[in-house]
Amino acid sequence: MKRILAATAITLLAVSATACGSDDGGESGGKTKVVFSYWGSDARQKLTESAIATFEKKNPTIDVEGDFSDWDSYYEKLATKTAAGDAPDVMSIEIRGLAEYSGRATLADLTGKVNTADLDQEVLKAGQVDGKQYAIPTGVNTFPMIVNKAAVEKAGQQIPDDKTWTWDDYISISQKVTEQGQGKLWGTEYNENPAFLQLFAAQRGEQFYKDGRIGLSEQTIKDWWALLQKIISTKAGPDAALMLETGTKVDQALLATNASAFGSWWSNQLTALSKGSGQELDLLRMPKAQGATTAGMFLQPAMYYTISAKTEKAEAAQKFVDFLVNDPEAGAILLSDRGLPTNAKVVTAIKDKLTPADQKVLAFIDSIKSELSPISIPPKGAMEMEDILKRATDSVLFGKASADDAATAFLTEANAAITK
């Protein structure tokens with residue numbers, strides 16, 4: 001429903017003649033006010049407010065008002081504002097929403113409007129649709145396996161060579177960790193994020209999206225569910241009810257509460273996981289299917305900065321986005337919170353300020369860069385995919401539907417979402 005509301009709001013915005021901002025064109029006390037919407041944790045809010053204060057000090061004629069929401073309410077709030085013709089001047093969106101938002105005249109073309117010369121040009125392309133730069137990546141992420149090595153070794157197990165380990169190896173080690181944990185430690189937690197299925201499918205030579213449709217075969221989807229079911233049945237990880245209870249918030253992760261030794265999360269979440277656990281955590285390549293030539297891992301923008309096509313404060317908004325991605329002072333405040341910066345000069349300037357966990361992420365991404373698949377932008381409707389996939393996955397894991405029926409239902413609903 002959140003995604004439907006968002007799409008409806010974008011449509012209304014596209015036909016609305018109402019300009020965003022206040023009646024005085026955003027001028028207040030001789031200053032231009034820019035509204036910046038974003039989601040995240042309390043920690044992200046504090047970092048962002050600090051970055052905003054630094055920007056305002058450097059740009060005394062501009063005030064930036066942070067419009068913060070938690071993840072669960074972010075798109076509903078954004079939908080309400082865009083429907084009312086009051087879209088924030090600068091908006092955070094994710095890669096799944098880029099085609100949707102850019103295709104409805106919601107976003108401004110930033111080509112030549114923001115300095116992108118020092119950004120990673122390949123990553124920058126992931127903010128382009130039909131040759132126009134609608135979005136500027138905030139930083140980059142990958143989706144690795146994260147491990148508490150001390151917990152694994154305490155259970156008498158060896159950390160595998162992540163260049164060669166298989167899904168069977170991963171489940172076997174996790175099962176043994178659970179056995180040694182005696183009810184206090186699971187070998188692994190698992191994740192229903194589409195990124196997991198995407199890389200699992202890539203190991204079989206399949207794409208999540210292909211030619212404007214779902215590129216996954218029913219067999220691959222069913223085999224992925226079989227992998228999750230095997231984790232549960234072997235007690236390598238908890239059952240679906242416990243995983244549902246822990247939710248998708250990083251501070252509730254079993255890794256973060258020292259209740260699991262393995263888990264797959266986005267790389268920019270390593271610092272939060274490490275802080276929560278109080279343990280040293282490490283990153284590994286994801287396991288591979290037997291005979292697979294690639295782990296299917298990919299680099300992806302953590303999120304984007306975009307500017308409303310309707311804003312009356314374009315110049316001020318552009319200055320703010322330029323600051324966020326190019327200014328070392330902004331980089332020193334935000335660090336890896338929105339992914340590791342893609343501006344090499346900023347990375348060099350802040351490298352010594354990165355947490356030990358962030359240093360690991362930087363080194364890990366550098367070490368696997370040549371193995372990563374190219375970034376691809378999902379089609380319109382992809383914002384609904386996480387909800388669609390979760391419903392289908394839960395129906396299988398909770399025994400409410402057969403894998404055959406659920407796979408058919410998933411493909412039907414998913415294809416309908418991206419072709420409407």
Side-chain angles (χ1 to χ4, degrees), residues 18-69 74 77-78 81-82 85-93 107-119 124 127 133-139 302-339 341-354:
T18 305
C20 69
S22 61
D23 293 339
D24 62 3
E27 299 293 338
S28 178
K31 295 185 178 184
T32 301
K33 186 177 79 171
V34 172
V35 177
F36 170 45
S37 67
Y38 65 99
W39 71 83
S41 62
D42 292 342
R44 174 173 293 165
Q45 184 179 23
K46 290 178 182 178
L47 293 175
T48 304
E49 290 298 328
S50 179
I52 287 172
T54 301
F55 172 78
E56 290 176 336
K57 187 175 181 180
K58 289 189 166 191
N59 298 271
T61 63
I62 303 174
D63 276 339
V64 178
E65 177 184 308
D67 184 11
F68 170 76
S69 306
Y74 180 73
K77 186 175 179 180
L78 189 61
K81 286 183 173 293
T82 53
D86 189 30
D89 304 291
V90 179
M91 299 174 282
S92 302
I93 64 171
L107 307 179
D109 179 7
L110 301 182
T111 305
K113 305 296 184 180
V114 175
N115 179 15
T116 59
D118 294 326
L119 304 185
L124 187 63
Q133 192 75 48
Y134 287 110
I136 308 296
T138 63
M303 60 188 81
Y304 298 107
Y305 299 123
T306 67
I307 295 178
S308 169
K310 304 291 184 181
T311 184
E312 294 180 341
K313 287 96 62 172
E315 185 177 349
Q318 291 159 14
K319 281 186 178 181
F320 181 56
V321 172
D322 188 284
F323 165 79
L324 291 173
V325 297
N326 291 317
D327 195 307
E329 285 192 59
I333 294 168
L334 299 174
L335 298 173
S336 70
D337 180 67
R338 289 171 167 87
T342 67
N343 185 319
K345 292 181 180 179
V346 170
V347 171
T348 299
I350 71 171
K351 193 170 184 180
D352 292 341
K353 297 180 176 66
L354 292 172

Please report the closest heavy-atom contact between [X] and [Y], naming both atoms and the distance.
X: Ala51; Y: Leu334; result: CB-CD2, 4.2 Å
X: Phe68; Y: Tyr38; result: CD1-CE1, 3.3 Å
X: Ala317; Y: Val34; result: N-CG2, 4.0 Å
X: Val347; Y: Pro341; result: CG2-O, 3.3 Å

Between Phe320 and Phe55, what is the ring plane arrangement, given parallel below 30°, perpendicular above 60°, and tilted in between?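 Answer is perpendicular, since the angle exceeds 60°.
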Backbone N/O of [Y] and side chain of [X]: donor-acceptor pair under 3.5 Å:
X: Ser69; Y: Trp39; answer: no
X: Asn115; Y: Asn326; answer: no
X: Asn59; Y: Ile62; answer: no

Leu124, Thr306, Leu107 screened by side-chain contact (heavy atoms from CB on, under 4.5 Å) with Gln133, the one that passes: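 That would be Leu124.
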side-chain contact (heavy atoms from CB on, under 4.5 Å) partner of Pro88, chosen from Leu78, Ile307, Thr311: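 For Pro88, the side-chain contact (heavy atoms from CB on, under 4.5 Å) check succeeds only for Leu78.
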Does NZ belonging to Lys77 count more than 12 external heavy atoms closer than 6.0 Å?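 Atom NZ in Lys77 is packed in, count exceeds 12.
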Intermediate values then yes/no, side chain to side chain contact (heavy atoms under 4.5 Å, CB included), Ile350 and Leu335: CA-CA 7 Å; Ile350 71 171; Leu335 298 173; 4.3 Å; yes
Which pairs pass side chain to side chain donor-acceptor pair (under 3.5 Å) with one or both residues in residues 45-57, sequence neighbours excluded?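 Side chain to side chain donor-acceptor pair (under 3.5 Å) check on residues 45-57 returns Thr48-Arg338.
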Heavy atoms, side chains only, cut-off 4.5 Å: are Tyr134 and Tyr304 in contact?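 No; the side chains remain at least 4.5 Å from each other.
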Quick check: do Met91 and Ser308 have side-chain heavy atoms less than 4.5 Å from each other?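 They are in contact (side-chain heavy atoms under 4.5 Å apart), so the answer is yes.
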Keeping to residues at least two apart or across chains, list the salt bridge (Lys or Arg N to Asp or Glu O under 4.0 Å) pairs with something in residues 315-331.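 Qualifying pairs: Lys58-Asp327, Lys58-Glu329.
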Side chain to side chain contact (heavy atoms under 4.5 Å, CB included) assessment of Leu119 paired with Ile136: CA-CA 9 Å; Leu119 304 185; Ile136 308 296; 3.9 Å; yes
Quick one: salt bridge (charged side-chain N to carboxylate O under 4.0 Å, His left out) partners of Glu65, sequence neighbours excluded?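 By the salt bridge (charged side-chain N to carboxylate O under 4.0 Å, His left out) rule, Glu65 matches Lys33.
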Once you round to the nearest 0.5 Å, how far does OH of Tyr305 lie from CG of Leu324?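 Result: 4.5 Å between the selected atoms.
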